Amino acid sequence: MELTFSGPIFTWRGPAPFYYVAVPDEESEDIRDIANAVTYGWGVIPVRATIGETSYETSLFPKEGRYLLGVKAAVRRSEGLDDGDQVTVRLVVVGAALSP
C-alpha cells in the first residue's frame, strides 16, 4: 500500500521531544483496514517514508483513531525541517501480507 499526504510537523514533549506528522483520517482508515495483516504488535505499522529527498524506515503509531509518523532527527536535519513546517510524505506500508 502506498499513500501520499501532507501535514505539519508537530512535537510531543514527553521525557524527550519527538516529532510527528499525523496521517489524515481517510488514509488512517485505509491503513486500519489492513492493520491486522501488517502490525508487529501493539497496533504499530512498519513503513518506509519519504520526505523531500530523504527516505527512511520507521513505524506508524496509533493515536486517537489516526496514525502518527515519527520524523527522525536525521530526516529533519537533511531536509532542514522544524516544528510547524508543512511536509508532503510518501508512505509505503510494509509487511509479510503485502509482499509480492
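Since we're looking at a predicted model, the values are computed, not measured. Each residue takes its place number in the sequence, starting with 1.
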Task: Taking every non-hydrogen atom, the tightest pair across Thr4 and Glu27 - done: O-OE2, 4.0 Å
Open item on the list: If you compare all heavy atoms of Ala22 against all heavy atoms of Phe5, which two are closest, and at what distance to 0.1 Å?
Closed with: O-CE1, 3.8 Å
Open item on the list: Just so I know, are the side chains of Leu60 and Leu68 near enough to count as touching, which here means a heavy-atom distance under 4.5 Å?
Closed with: no
TODO: Answer yes or no: is there a side-chain heavy-atom contact under 4.5 Å between Ile45 and Phe61?
DONE: no
Open item on the list: Among residues at least two apart in sequence or on other chains, which ones pass side-chain contact (heavy atoms from CB on, under 4.5 Å) with Tyr40?
Closed with: Val44, Pro46, Ser59
Task: salt bridge (charged side-chain N to carboxylate O under 4.0 Å, His left out) contacts touching residues 35-62 (sequence neighbours left out) - done: none
Open item on the list: With heavy-atom distances below 4.5 Å as the criterion, would you say the side chains of Asp83 and Tyr19 are in contact?
Closed with: yes
Task: Validation row: Val94, Val38 side chains within 4.5 angstrom (heavy atoms) - done: no
Open item on the list: Minimum heavy-atom separation for Val71 and Tyr56, please, with both atom names.
Closed with: CA-OH, 3.7 Å
For residues 86-93, please give each side-chain donor-acceptor pair under 3.5 Å, one per line with the distance, not counting sequence neighbours.
residue: Thr88; atom: OG1; partner: Ser6; partner atom: OG; Å: 2.9
residue: Arg90; atom: NH2; partner: Glu2; partner atom: OE1; Å: 3.1
residue: Arg90; atom: NH2; partner: Glu2; partner atom: OE2; Å: 3.4

Task: Residues forming a side chain to side chain donor-acceptor pair (under 3.5 Å) with Ser55, sequence neighbours excluded - done: Thr50
TODO: Check whether any side-chain heavy atom of Ile9 lies under 4.5 Å from a side-chain heavy atom of Asp82, and answer yes or no.
DONE: no
Open item on the list: Can you list everything that forms a side-chain contact (heavy atoms from CB on, under 4.5 Å) with Asn36? Sequence neighbours excluded, please.
Closed with: none
TODO: Would you name the heavy atoms of Pro8 and Gly84 that are closest together and state the gap between them?
DONE: CB-O, 4.2 Å
Open item on the list: Once side-chain hydrogen bond (donor to acceptor under 3.5 Å, both in side chains) is applied, what residue pairs with a partner in residues 63-81 remain, sequence neighbours excluded?
Closed with: Asp25-Arg66, Thr54-Ser78, Thr54-Glu79
